[in-house]
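Here is the structure we will look at, set down as structure tokens.
Note on naming: letters A, B, ... go to the chains in the order of the sequence lines (proteins, then strands), and numbering restarts at 1 for each one. Given the structure is predicted, the values throughout are model-derived calculations rather than measurements.
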Amino acid sequence: MKAFLLDIDYVMRKNRSGVRLLLKTPTGKTTRAYDYSFEPYFLVDADEKKTDALKKIAGVKRVETTERSGRKFLKVVCTHPSEVPMAASAASMHGKTYENAIQYVRRYLIDRKIVPCAPLEVEADEEGAVTLLRPLEGHDEMPSLRMASFDIETYNPTGIPDAKKDPCIMIGCSASKDVLFTTKKYPFDFVKTVATEKEMLEAFSSFIREERTDVLCTYNGDEFDLPYLAERAKQTKAQLRLGRTKAMPFFKRLGLRNTSRLNGRVHFDVFNVVSFMSTIGALRLPRLSLDMVYEEVLGKKIEDIAKLEIWKAWDRGDAHLAKYCRSDAVSCLELAKHFLPLEIELARVSGTTLHDASRATTGQLVESLLMRRAAERGELIPNKPEQAEAEARQAAPIQGAFVKIPEPGIYENIAVFDFRSLYPSIIISHNVDPETIGCAEGEDAFVSPLGHRFCKNRKGLIPSVLSEVLEARFAAKKAMKTAEGDARSQLDARQWALKIVANSFYGYLLYARSRWYSRECGESVTAWGRHYIQETMRKAEEAGFKVLYGDTDSIMLQYTDEKKVMEFQKAINAELPEKMELELEDIYPRGIFVAKKQGEKGAKKKYALINRDGKIKIRGFELVRRDWSRVARRTQKDVLEILLKEGDVKKAVALVRKVVEDLRAGVTPMEDLVIHTQLRKKNYEVKSPELGAVEKARKAGVRVPDNSLVSYVITKTGKTISEKAEMAETAKDYDADYYVNNQVLPAVLKILGAFGYDEDGIKLGGRQKGLGSW
DNA sequence: GATAGCCGGGG
DNA sequence: GTGTACGGCTATC
């Protein structure tokens with residue numbers, strides 16, 4: 001039969017080790033298969049004479065010879081995966097050990113050439129034991145998966161929920177239908193009322209089973225919902241059977257995070273995906289809360305409730321709570337559906353399971369792919385570095401990219417160029433690889449600006465795999481042009497996944513825990529990068545452009561004649577090595593560059609541009625922070641818009657003055673003045689404003705838990721700021737001076753400082769020192 | 001400006 | 001369970 005691998009785990013049955021495959025057939029059936037035929041092993045770099053000594057090590061079943069990278073190694077086969085670490089450690093006295101720190105399941109996937117989420121041919125006997133398993137060609141789409149999501153609410157009046165004592169009060173689910181399990185009655189069809197918490201956990205488990213869920217989605221279920229429910233099940237003696245067996249959720253540490261796995265279903269934690277998107281810059285948000293992410297990604301608002309009000313709403317029997325809980329489950333499922341195609345493609349590109357791919361860092365994705373390809377090429381997979389080595393690598397930074405610092409100010413007619421995939425194209429064009437470096441003098445080589453020599457005669461693993469990735473992306477983008485509907489969106493997800501992986505290779509060369517770390521390769525890449533961008537800038541100046549700014553792989557030029565822009569691009573591309581290309585990103589009628597700090601000269605990485613469609617592109621500015629009042633945030637945004645759309649600095653200053661006047665006149669609405677800060681344990685020597693506000697509230701008998709998100713206003717009463725701070729609900733007036741001097745002015749000075757304005761200048765409306773022509 | 005230490009998401 | 005792994009921001013000197 002044809003099938004797709006949804007998940008795989010290790011099993012031991014009748015003292016035999018093997019893997020359990022979770023498979024999805026094209027007809028939509030989800031099924032299981034077992035394979036006990038794969039033996040764990042590791043390699044030793046030692047002479048055959050050591051065979052007998054190695055055989056005597058506990059757990060060793062057999063010793064064979066094998067070849068890697070054209071050299072002989074001893075292959076030590078163990079009976080069980082769990083014996084490998086001890087056996088490898090014992091074997092290390094006979095020779096250096098390799099490929100011993102590769103998880104059994106991963107080794108299985110590599111050696112059997114099985115790619116998760118990609119088509120396979122499987123044959124199994126009646127008991128599910130695999131008799132044939134091989135990969136099939138092609139990029140067939142995964143059959144559609146049955147998805148469900150859930151979100152829990154807890155009763156925690158004393159602060160952060162404690163699963164040992166605070167009960168779970170609601171479980172909202174979204175699948176083929178929305179159902180909410182709780183112990184109170186609510187006037188909604190989607191609510192299922194049960195008698196006890198125990199019954200709630202069990203009814204929820206049944207629901208997930210009845211839905212025959214393949215992918216169970218959560219938002220931070222790895223660290224919150226699933227461990228919490230597991231503990232509640234323990235406390236209430238409930239059967240929490242969320243998998244396809246009787247087993248409880250399975251918890252495991254993955255680096256510094258916990259993961260929660262289910263038996264026979266994929267636990268898809270959307271928060272992991274979202275934080276990954278945030279770290280690669282595909283999602284730019286100051287906070288990754290479910291409501292903010294939902295609004296940013298899908299453009300829809302969520303039912304909202306203050307977290308601290310949940311227990312009160314429960315006590316009151318407020319029906320709003322049920323709606324809120326459901327909407328969290330619904331939005332979680334929608335986000336999961338939005339990101340799943342990309343994660344499936346990342347799993348296919350990297351060769352890791354959906355579970356692992358959706359929790360992987362970029363380095364892990366690249367490493368998985370390289371390990372696979374190295375094995376296919378018969379090359380030795382290098383070891384991970386020892387702790388000391390990793391620390392030494394981390395402590396030795398290399399010279400990075402070139403940045404041309406711009407003159408702060410406002411500019412018109414800007415053409416922005418980017419080198420397409422600069423670092424990947426440098427790696428490929430110059431055969432940058434830890435194995436090709438160090439080419440002998442006289443041999444044909446690419447020589448980096450730092451003098452490192454990369455042999456041309458054999459193509460390295462890294463450039464080979466990277467060109468394969470870029471070519472696959474090119475093919476996917478080409479196929480997209482004629483594809484429609486689902487096929488098109490699958491191709492789009494695929495090209496995006498390939499882009500993410502391609503862009504991670506350079507970082508992987510310098511990642512401290514990389515198996516293929518090479519400082520020399522990394523610094524050669526940036527050196528070539530600096531060379532190409534500087535050469536291009538020099539040529540731009542020769543061609544009569546003003547080079548405003550440049551950073552790593554992008555160049556911003558000010559032009560007088562638009563026709564020259566395309567001519568310049570053509571001329572540059574004619575001289576670049578094959579695979580390298582300068583692209584015109586966009587034309588911007590206006591842009592501003594801002595100094596990093598007041599007084600600091602440069603404006604590194606801090607700019608805002610507006611294109612011909614009026615779309616604003618902002619880089620490097622502090623994102624909207626919750627601990628700024630709305631009046632400060634809004635004024636900053638308005639100033640930026642006036643500058644970009646109208647190019648009128650005076651008008652921007654006038655707007656700020658109006659805001660200042662309103663504040664002084666006391667007509668600014670109170671809700672624009674609220675500052676939100678998370679209450680944290682602090683030393684009481686320096687009292688923070690939020691702590692001042694909380695202490696006052698507590699004195700008045702209001703219960704404010706530790707770690708609350710506190711909303712306060714700075715009032716007129718008191719001497720210090722913390723004395724003046726008062727909870728937003730009870731604040732009657734506000735301190736205009738504070739809002740002018742500590743909120744609005746600092747926010748706008750980040751921008752207007754670039755135009756020579758200082759605090760007094762804005763207040764008085766006059767221009768300051770050395771202004772340009774605007 | 002360096003560096004140590006904290007925190008994310010969840011209720 | 002062959003593995004024990006992050007990175008950005010802030011406070012503080």
Listed partners of A:K301 passing salt bridge (Lys or Arg N to Asp or Glu O under 4.0 Å), at least two apart: A:E295
With sequence neighbours excluded, residues passing ring-ring contact (aromatic ring centres under 6.0 Å, His included) with A:Y228: A:F224
Nucleic acid contacts - residues 82-90 of chain A versus DNA chain C, non-hydrogen atoms under 4.0 Å: A:V84, A:P85
By side chain to side chain donor-acceptor pair (under 3.5 Å) - contacts of A:D318 (at least two apart): A:R316
Sugar-phosphate, base or nothing in reach of A:D151, heavy atoms under 4.0 Å: sugar-phosphate
Nearest-Å distance once atom C1' is located in both C:dA5 and B:dG10: 22 Å
Touch class at under 4.0 angstrom, heavy-atom based, for A:T361 against every strand present: nothing
N/O donor-acceptor pair, side chain A:Q103 with base C:dG3, under 3.5 angstrom: yes
Positions of residues 314-334 of chain A (non-hydrogen atom under 4.0 Å from DNA chain B), listed by number: A:Y324, A:D328
Short side-chain N/O contact from A:Q387 to OP1 or OP2 of C:dA5, under 4.0 Å: yes
Residues A:E334 and A:K337 bridged, charged N to O under 4.0 Å: no
Sub-6.0 Å ring centroid separation between A:F204 and A:F150: yes
Contacts of type side chain to side chain donor-acceptor pair (under 3.5 Å), residue A:Y10, not counting sequence neighbours: A:S17
Sugar-phosphate, base or nothing in reach of A:K384, heavy atoms under 4.0 Å: nothing
